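Predicted model, so just to flag it, every value in this text is computed and none were measured.
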Amino acid sequence: MNHLELYQERIRELFPELSIESITINREGLLNDAVVVNHELVFRFAKTGFGFTDPLAEAKVLHFLRQYIAIQIPEPFYESVELLAYRLIPGETLRRDQLMKLAESDQQAVADQLAQFFKELHGIPLSDASEHEIPMADALMKYEGWVNVFRRIQEKVFPLLLSHVREWATEHFESYLADTRNFEYPLRMIDSDIPPYHVLFDKQQRRISGIIDFGCAGLGDPAIDLGIIIYNYGESFLNRFY
């Protein structure tokens, strides 16, 4: 049996009353395989082995966030160490090229939506997060970790680079590592993993319809979320957040 057949069989075991009229699978996720049933239900099966994340931990974060976040996020109706199931949030990947083709007013409206999302997320009281035992975000790396990254880049990557590129990389890392303030930040609730395919876009309304996948969310540095926005959509788009 292939993966889709195995997942379909498991879904039938768990939900014998569910009539499956259509079923598709997306295996491109690093941590999960997403199975969509009848164009309305999502069953995210956790991939085992390296990188495994517990769906129960994500479900806990989602239940916690719903009381603070206005934009639509997944609402699990089934959760276990095996899978997380919720109703499909319609929308398409918010690609940068698609965003840049929108009218100025629509680009600003989308920026407003994301800015509001981050304002709500980063503004969650730390005491509330601690009370619900929200974990540290997966994306965090301490000073020693970045020193190790730079060392490995020097060993593995530098021999492949032109001299001026090596000089740029050295300045980039050494200047950052030299300032200890770069590793001091106010602890906040963060997403830490919000690439374009986690931002669902309604092409007809020209607005964000929802945000998905909070498997890496937790307490951390809010600058991480804004850095991801810069990486995927550019600094000029982030400036619209103001």
Side-chain angles (χ1 to χ4, degrees), residues 3-4 22-45 47 51 53 58 61-62 65-66 68-76 84-123 137-139 188-218 220-242:
H3 285 88
L4 181 56
S22 68
I23 184 168
T24 59
I25 185 173
N26 184 332
R27 303 205 65 227
E28 295 180 359
L30 296 177
L31 304 176
N32 301 275
D33 288 337
V35 178
V36 179
V37 173
N38 300 340
H39 306 290
E40 61 181 14
L41 301 176
V42 178
F43 298 85
R44 283 180 53 223
F45 287 86
K47 293 182 177 179
T53 58
E58 181 177 357
V61 169
L62 286 169
L65 291 182
R66 290 189 63 80
Y68 300 99
I69 304 300
I71 203 164
Q72 192 171 8
I73 62 176
E75 183 176 1
L84 191 66
Y86 54 86
R87 298 196 69 82
L88 176 73
I89 300 175
E92 303 178 8
T93 295
L94 181 60
R95 304 192 316 269
R96 185 182 186 278
D97 62 306
Q98 185 180 49
L99 177 63
M100 294 299 106
K101 291 176 182 177
L102 297 176
E104 286 289 316
S105 59
D106 290 325
Q107 289 188 42
Q108 186 59 54
V110 170
D112 292 345
Q113 286 184 284
L114 283 172
Q116 182 66 26
F117 167 71
F118 286 127
K119 182 178 181 180
E120 293 166 350
L121 183 68
H122 298 164
D138 286 350
R188 295 286 185 267
M189 186 72 199
I190 67 172
D191 185 303
S192 86
D193 183 26
I194 186 166
Y197 47 86
H198 289 172
V199 182
L200 300 178
F201 183 67
D202 184 328
K203 292 180 68 174
Q204 290 188 331
Q205 299 294 325
R206 299 184 298 281
R207 298 294 184 271
I208 295 172
S209 56
I211 295 175
I212 60 173
D213 199 336
F214 290 81
C216 297
D221 184 355
I224 290 175
D225 286 337
L226 303 185
I228 295 172
I229 294 299
I230 292 175
Y231 178 79
N232 287 295
Y233 298 112
E235 191 169 349
S236 60
F237 179 69
L238 181 67
N239 287 337
R240 293 181 179 272
F241 283 30
Y242 289 107

Side-chain donor or acceptor of Arg66 paired with backbone N/O of Ile73 under 3.5 Å
yes
More than 12 foreign heavy atoms under 6.0 Å from CD of Gln205: is that the case here?
no
Not counting sequence neighbours, which residues clear side-chain contact (heavy atoms from CB on, under 4.5 Å) with Asp106? List them please.
Leu102, Ala103, Arg206, Arg207
Working to the nearest 0.5 angstrom, can you tell me the gap between Ile190 CD1 and His122 NE2?
6.5 Å
List in chain and number order the residues that pass ring-ring contact (aromatic ring centres under 6.0 Å, His included) with Phe237, two or more places apart in sequence or in another chain; answer none if no residue qualifies.
Tyr233, Phe241
Please identify each residue that fulfils side-chain contact (heavy atoms from CB on, under 4.5 Å) with Tyr197, with sequence neighbours left out.
Thr93, Pro195
State, yes or no, whether a side-chain contact exists between Pro196 and Phe201 at a heavy-atom distance under 4.5 Å.
no
With rounding to the nearest 0.5 angstrom, report the OG1 to CG distance, Thr24 to Leu4.
8.0 Å
Please identify each residue that fulfils salt bridge (charged side-chain N to carboxylate O under 4.0 Å, His left out) with Glu92, with sequence neighbours left out.
none
Smallest separation among heavy atoms of Met100 and Gln107, with atom names
O-NE2, 3.4 Å
Ignoring hydrogens and geometry, is there a side-chain-to-backbone donor-acceptor pair from Asp191 to Ala217 under 3.5 Å?
no
Which pair of non-hydrogen atoms, one from Gly29 and one from Lys47, has the smallest distance, and what is that distance?
O-NZ, 2.5 Å
All side-chain contact (heavy atoms from CB on, under 4.5 Å) counterparts of Ala85, not counting sequence neighbours:
Phe43, Phe77, Tyr78, Leu83
Side chain of His39, backbone of Ser22: donor and acceptor closer than 3.5 Å?
no
Could you tell me which non-hydrogen atom of Ile89 sits nearest to which non-hydrogen atom of Ser209, and how far apart they are?
CG2-O, 3.7 Å
Looking at Ala70, is its backbone amide N or carbonyl O close enough to the side chain of Glu120 to form a donor-acceptor pair, meaning the two atoms are under 3.5 Å apart?
yes
So, using side-chain contact (heavy atoms from CB on, under 4.5 Å) as the criterion, who are the partners of Gln204 when residues are at least two apart?
Asp202
Give the intermediate values and the outcome of side chain to side chain contact (heavy atoms under 4.5 Å, CB included) for residues Leu121 and Asp225.
CA-CA 10 Å; Leu121 183 68; Asp225 286 337; 3.9 Å; yes
Evaluate Ile69 against Phe214 for side chain to side chain contact (heavy atoms under 4.5 Å, CB included), listing each step before the verdict.
CA-CA 13 Å; Ile69 304 300; Phe214 290 81; over 6 Å; no
Please examine the side chains of Ile194 and Phe117, heavy atoms only from C-beta on, and report whether any two atoms are closer than 4.5 Å.
yes
Looking at side-chain heavy atoms only, is the closest gap between Val110 and Arg240 below 4.5 Å?
no
Taking Ala34's backbone N and O only, do any of them form a donor-acceptor pair with Asn26's side chain (distance below 3.5 Å, no angle check)?
no
Assess the side chains of Gln116 and Asp112: does a donor N or O sit below 3.5 Å from an acceptor N or O?
no
Would you confirm whether Glu75, through its side chain, and Arg87, through its main-chain N or O, come within 3.5 Å as a donor-acceptor pair?
no
Spell out, as yes or no, whether a donor-acceptor pair under 3.5 Å connects the side chain of Asp33 to the backbone of Val35.
no
To the nearest 0.5 Å, what is the distance between CG (Leu226) and CG (Leu238)?
5.5 Å
With a 4.5 Å limit on heavy-atom distance, are the side chains of Asn232 and Val199 in contact?
no
Would you call Glu58 and Asp213 a side-chain contact if the rule is heavy atoms closer than 4.5 Å?
yes
Contact between Leu62 and Pro76 at the side-chain level, heavy atoms closer than 4.5 Å - yes or no?
yes
Let me confirm one number: the CD1-CG distance from Ile71 to Leu114, rounded to the nearest 0.5 Å.
7.0 Å
